[in-house]
Amino acid sequence: MSIEIRAIGKRFGSFVALEDINLHIPSGELVALLGPSGCGKTTLLRIIAGMESADHGQVLFGGEEATHLPARDRKVGFVFQHYALFRHMSVFENVAFGLRVKPRRVRPTEAEIRRRVMELLDLVQLDWLADRYPSQLSGGQRQRIALARALAVEPRVLLLDEPFGALDTRVRKELRRWLRRLHDEMHISSVFVTHDQEEALEVADRVVVMNRGRIEQIGSPDEVYSAPASPFVYQFLGNVNVFHSRVHGAWAEIGRESPAAYASAEAMAFVRPHDIDIERQPVVGSLEARVQDVHLIGPLVRVELAHATELIEVELTRERAALLSLVRGQQVWLKPRQVRVFALPETTLEDEGSGI
Amino acid sequence: MSGAAAVKRALAEPRWVRVLLLGVGLGFLFFFLALPLLAVFGEAFATGWTAYAKALDDPEALSAIGLTLSVALFVLPGNLVFGLAAAWAIAKFDFRGKSLLITLIDLPFAVSPVVVGLVFLLIFGAQGLFGPWLAAHEIKVVFALPGMIIVTMFITCPFVARELIPLMQAQGKEEEEAALSLGATGWQMFRRVTLPNIKWGLMYGVILANARAMGEFGAVSVVSGHIRGQTNTLPLHVEILYNEYNAVGAFASASVLALLALVTLLAKTIVEWRMRRETLMLKAELPPEKN
């Protein structure tokens with residue numbers, strides 16, 4: 001079922017949590033709400049679930065008005081970051097809960113409940129845990145049970161609030177692939193909230209990047225990564241080097257945008273660390289720099305270089321680094337493969353930038 | 001191994017400190033708790049079993065026991081509902097004046113019971129705020145059961161709420177939200193999720209409130225009027241008998257109160273044990289993962 005969000009706004013006192021949010025989630029899509037903490041992504045998810053009410057705007061499920069529908073009538077499956085399993089109930093009873101609280105005339109029989117619950121536990125591959133209590137499960141198991149519980153009521157949409165946030169890296173990676181496969185099997189519209197860009201890019205069909213209560217960009221994982229719509233998106237998705245173009249006029253020229261447009265204005269150039277080549281000889285449009293440090297990080301080599309007063313990060317493959325055989329203090333030339341120039345100095349850059 | 005033992009030794013107190021602490025603790029318990037309790041029963045049975053039975057078979061004593069129980073019977077449900085509502089409001093909602101409510105709940109602990117009695121005398125007494133209206137409608141509050149229930153209610157109202165607030169705050173509201181999103185009604189959510197999570201804390205609060213309700217003296221003394229066989233609760237009855245130099249009667253009644261206290265203590269221990277077992281069960285070591 002599709003979800004439509006129209007002009008949603010929400011304030012907590014003087015804090016603006018959401019401002020004029022418009023979003024359409026087509027049926028069967030898996031969408032990530034991505035942003036730093038406090039950007040309003042969880043608030044938006046809770047408004048869709050009916051656990052929070054918006055100050056204004058509309059929520060529609062499958063074209064039907066649902067703005068004032070109470071949470072229990074929305075038929076929404078919700079998965080919490082900290083699982084929120086019923087601690088005094090066994091795994092079986094947790095999953096059965098949604099079926100047992102149905103009004104008597106539509107409530108399945110005991111045998112039917114049993115069959116459905118075991119089927120769901122089978123789906124999340126934890127049928128052997130039916131008699132355990134939540135406290136006896138590991139984090140990853142708890143989250144899968146929470147998912148089975150949410151699916152038991154056959155929800156129209158599935159909402160997940162930082163579903164893997166409390167798990168360790170290995171389990172997290174395993175679970176998100178599993179979630180993707182599950183979604184492909186069930187084809188239920190799903191929205192999940194995350195602050196982990198890698199997670200969003202890997203799992204989602206579409207990514208909604210949010211910042212300070214607004215949507216910065218909506219697009220496929222590839223779009224938001226390779227064609228960021230704003231400096232914020234550029235910086236939030238992956239590492240980036242930021243240059244002030246008045247210092248690096250030569251680089252602004254290399255960018256796709258015409259430098260003339262920014263000639264008088266303050267502009268900034270963004271370059272990903274893996275989009276910079278290091279040369280031992282000067283080439284056209286290259287920038288002189290000095291090697292400060294070389295770190296070996298797994299399959300990559302991260303080189304820190306100094307140009308004038310600024311620090312530049314470059315990522316190379318091990319092979320390329322071996323070829324260059326860089327040493328500290330060495331003089332090199334940098335050549336960017338892809339540069340993006342944004343006009344207008346954004347104050348957010350100074351606040352949250354991971355760049356220089 | 002020896003290293004660990006050395007660390008343990010380094011962390012442990014010297015032997016004499018442990019003996020001293022243990023001695024002080026046990027000595028205090030004996031002189032201030034066990035000895036008085038023994039004295040009560042000793043004095044009550046000083047002139048034999050028959051004298052004890054006779055003292056309790058007295059209609060005034062029986063009426064005092066009955067009155068004490070009926071005050072508790074009225075006070076506890078009220079307390080339970082108030083405590084639950086207040087704790088729920090404080091733990092699960094944000095509203096203006098929340099901290100004021102938390103402070104007010106503690107008020108009965110801070111005010112002397114005698115003052116409480118006087119306050120309600122001023123409100124419901126013949127010269128009081130509602131006095132003339134109550135008199136006109138022939139409703140007796142002061143010097144009657146309703147007055148005693150009201151002051152006892154006031155004195156004991158913090159117990160349940162105090163017990164539940166931290167518990168409910170710690171548990172948060174996610175489980176309730178999960179229940180609602182799964183289609184539960186408000187009542188189903190309360191009965192199937194909230195109540196099972198707080199039942200032992202609730203029980204504990206009620207037991208404490210009950211102990212206090214049965215033992216309350218000061219406030220009840222002011223509003224009861226000490227009418228023998230009518231408005232004397234057990235604590236008041238004990239005092240009257242004692243003032244009349246009826247030691248056996250006084251201590252026999254006191255022993256009933258002490259017995260109620262012991263039963264309460266037993267119930268409290270059982271509840272505490274259940275609570276601990278539940279938390280232990282919740283924190284039980286995970287079995288090795290089999291993914």
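Computed from a predicted model, the values in this text were never measured in an experiment.
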Q: So with a 6.0 Å cut-off around CZ of F28(B), is the heavy-atom count from everything else above 12?
A: no
Q: Between NZ of K102(A) and CG of L182(B), what distance do you get to the nearest 0.5 Å?
A: 10.0 Å
Q: Kindly compute the distance separating NE2 (H82(A)) from CD (E174(B)), expressed to the nearest 0.5 Å.
A: 6.5 Å
Q: Can you confirm whether D184(A) is buried at CG, in the sense that more than 12 heavy atoms of other residues, nucleotides or ligands lie under 6.0 Å from that atom?
A: yes
Q: Look at atom CZ of F74(B) and say whether more than 12 heavy atoms of other residues, nucleotides or ligands are closer to it than 6.0 Å.
A: no
Q: Could you state the interatomic distance from CG (N197(B)) to CE (M89(A)), rounded to the nearest 0.5 Å?
A: 8.5 Å
Q: With a 4.5 angstrom heavy-atom cut-off, which part of Q171(B) approaches chain A: side chain, backbone, both or neither?
A: both
Q: On a heavy-atom basis, which atom in A84(A) and which in A178(B) lie closest, and how many Å separate them?
A: O-CB, 4.0 Å
Q: For F80(A), which residues count as a ring pair (Phe, Tyr, Trp, His ring centres under 6.0 Å) partner, sequence neighbours excluded?
A: F78(A)
Q: Could you tell me whether the side chain of Q188(B) and the main chain of V101(A) form a donor-acceptor pair under 3.5 Å?
A: yes
Q: Side chain, backbone, both or neither: which part of V153(A) has a non-hydrogen atom closer than 4.5 Å to chain B?
A: side chain
Q: Flag the pair R72(A) / S181(B) as yes when at least one side-chain heavy-atom distance between them is below 4.5 Å, and no otherwise.
A: no
Q: How long is the straight-line distance from CE of M51(A) back to CD of E176(B), given to the nearest 0.5 Å?
A: 11.5 Å
Q: Is the number of heavy atoms from other residues, nucleotides or ligands under 6.0 Å of K92(B) NZ greater than 12?
A: yes
Q: I need the contact set between residues 106-115 of chain A and chain B: heavy-atom distance under 4.5 Å, sorted by residue number.
A: none
Q: Tell me, for L85(A) versus chain B, whether the close heavy atoms (under 4.5 Å) come from the side chain, the backbone, both or neither.
A: backbone
Q: Where on A152(A) is there a heavy atom nearer than 4.5 Å to chain B: the side chain, the backbone, both, or neither?
A: neither
Q: Let me know if F86(A) has heavy atoms under 4.5 Å from chain B in its side chain, its backbone, both or neither.
A: both
Q: So, do R100(A) and R192(B) sit near enough that their side-chain heavy atoms are less than 4.5 Å apart?
A: yes
